[in-house]
Protein chains: 2
Amino acid sequence: MEQRRADSIAEELEELIFAGTYRDGDRLDEMRLAEQFGVSRTPLREAFQRLALSGLVELIPRRGAFVRQPGPVELMEMFEVMAELEATCGRLAAMRISDAALDELRSANANCKAAVEVQDCDAYYTENERFHRIIYQQSGNRFLEQETAKLHKRLKPFRRQQLRFRGRMAQSMAEHEAIVDALVQGDAAGAGEALRAHVAVQGEKFHNLMASLQSAAE
Amino acid sequence: MEQRRADSIAEELEELIFAGTYRDGDRLDEMRLAEQFGVSRTPLREAFQRLALSGLVELIPRRGAFVRQPGPVELMEMFEVMAELEATCGRLAAMRISDAALDELRSANANCKAAVEVQDCDAYYTENERFHRIIYQQSGNRFLEQETAKLHKRLKPFRRQQLRFRGRMAQSMAEHEAIVDALVQGDAAGAGEALRAHVAVQGEKFHNLMASLQSAAE
DNA sequence: GTCAATCGTTTTGTATACAAGATAAGAAAT
DNA sequence: ATTTCTTATCTTGTATACAAAACGATTGAC
């Protein structure tokens, strides 16, 4: 983007927000954070703008920057859109994917399988990420690739929790196989549907999690 | 967003970029524009950040802000994504749309029809905008609505040219009728397909335009 | 004559200072 | 006692000043 300072600050703040350090509605104090990062207010304000761009904070005129954590409803909505974008990537990729990329997918999938066997969530997550990114790229639509990757990144912290559900990794794995099969056969509709379902189930799982948290709170 | 100054400047610059005042790659001179708008560099820089967020300018560190006009390829890509998003809105809206919203759609469509008869592109455009926005809203997914509206806005200047093609308004009109029919019947797949085609044809028309411009240049 | 290096100018990035609006607290009036 | 108005403080928005980096031009060397 622009300068080094504001950029790294934006990233650090992003991490903090993702990590849940700030709650929804928390105000980000310019002066306090400026002191904390050892910079003036100027680069901090630029960082705020970036975060506002990705929807992580809301900038209210004359009031300040407020952390904007998506609620359950918004998260479900985001997963719904994510499912569509991924489905589109899959449909296009089925027609355009290269043999080299197919090999890459198989490799990522093999690594996933290994991670499932030793129940290594982190390793699974990394390879899963690679798997999906390849499909975005192979859609042959750079704009779609970027938009999908953007939303993927934003949903990252919520997707990560999914894998800790019992049996989710194995299920996810099976879905990956189905996706690759459809892509190999150039089955556009099938690949799209497989990806849509693969992502949509995450939204549903999340919904379940929310529901269980809510009932536990009662 | 944040303050009034930077916001209005961002909008004005956006208009200027949309209007084609700046070519792709043009550098936006901070000091010159600051003087022109009668403000200091600070709010201008904030405006640049906003424009970078929507992809209209690229901020290169230590170099400045450069106008980023999408080329033919990127435009086609954007229309392709737009078609998918609209199709998704339509599919969801088919299940969730209210009777009041259906009436609104019919009203917008009637106004469109009137505009076609007097060949009033601007009036058609305004009502067309309303038509689509209603569908976004009726998807019942606020996040989807916002993202779709964002891309819609970004494609606005390019879509507008479409209507001047001979017969495009009438064709567009017929497509609108088909969309409303599908929504009335609650035909999710039909509504999705109708919208996808309705938007995709714009991308193709644009492609034709580009091709004709290119061959004219030879 | 051409290429490279250095110096100067221009422009971006950051800090600080100032102004204006917002919030909150206290005082006065009902 | 409660409510409202006023005032004081705090925070944001904007301007200016300063530092550092990039670009260009000129000069020197090969």
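Naming: A, B, ... by sequence-line order, numbering from 1 per chain. Everything numeric in this text was worked out from a predicted model, so none of it was measured.
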- Message: It should be established whether B:Arg63 places a side-chain nitrogen or oxygen under 4.0 Å from OP1 or OP2 of nucleotide D:dC23.
- Response: yes
- Is any side-chain nitrogen or oxygen of B:Thr42 closer than 4.0 Å to OP1 or OP2 of D:dT14?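 B:Thr42 to D:dT14 OP1/OP2: no side-chain N or O under 4.0 Å.
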Interatomic distance, [X] [atom1] vs [N] [atom2] [rounded to whole Å]:
| X | N | atom1 | atom2 | answer |
| --- | --- | --- | --- | --- |
| B:Phe66 | D:dC23 | CZ | C1' | 11 Å |
| A:Glu46 | D:dG13 | CD | P | 14 Å |
| A:Asp7 | C:dT12 | CG | C1' | 15 Å |
| A:Met31 | D:dG13 | CE | P | 13 Å |
| B:Gln49 | D:dG13 | CD | P | 14 Å |
| B:Arg62 | C:dT14 | CZ | P | 6 Å |
| B:Ile9 | D:dT14 | CD1 | C1' | 10 Å |
| B:Ile60 | C:dT11 | CD1 | C1' | 14 Å |

- Check every strand shown and say whether A:Arg27 touches a base, only sugar-phosphate, or nothing at a heavy-atom separation below 4.0 Å.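 Sugar-phosphate, no base atom in range.
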- Is B:Glu86 salt-bridged to B:Arg196, going by a charged N under 4.0 Å from an acidic O?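 Result for this pair is no, no salt bridge flagged.
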- Message: Any N or O donor-acceptor pair under 3.5 Å from the base of D:dG13 to the side chain of A:Arg41?
- Response: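 Such a pair exists between side chain and base.
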- Task: Using side-chain hydrogen bond (donor to acceptor under 3.5 Å, both in side chains) as the criterion, list what pairs up with B:Glu14, not counting sequence neighbours.
- Result: B:Lys153
- Parallel, tilted or perpendicular: which describes the rings of B:His152 and B:Tyr136, with under 30° parallel and over 60° perpendicular?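 B:His152 vs B:Tyr136 ring planes: perpendicular.
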- Upstream residue (5' side of DNA chain C) when B:Leu28 and A:Gly38 are each assigned their closest nucleotide: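 The answer here is B:Leu28.
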- Message: I'd like to know if the side chain of B:Arg23 pairs up with that of B:Gln69 as donor and acceptor (distance under 3.5 Å, no hydrogens or angles considered).
- Response: no
- From D:dA15, D:dG13, C:dT14, pick the nucleotide closest to the side chain of A:Glu30? D:dG13
- Query: Is it true that atom CG of A:Asp99 has more than 12 heavy atoms of other residues, nucleotides or ligands lying nearer than 6.0 Å?
  - Reply: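 For A:Asp99, atom CG is not crowded (no more than 12 foreign heavy atoms under 6.0 Å).
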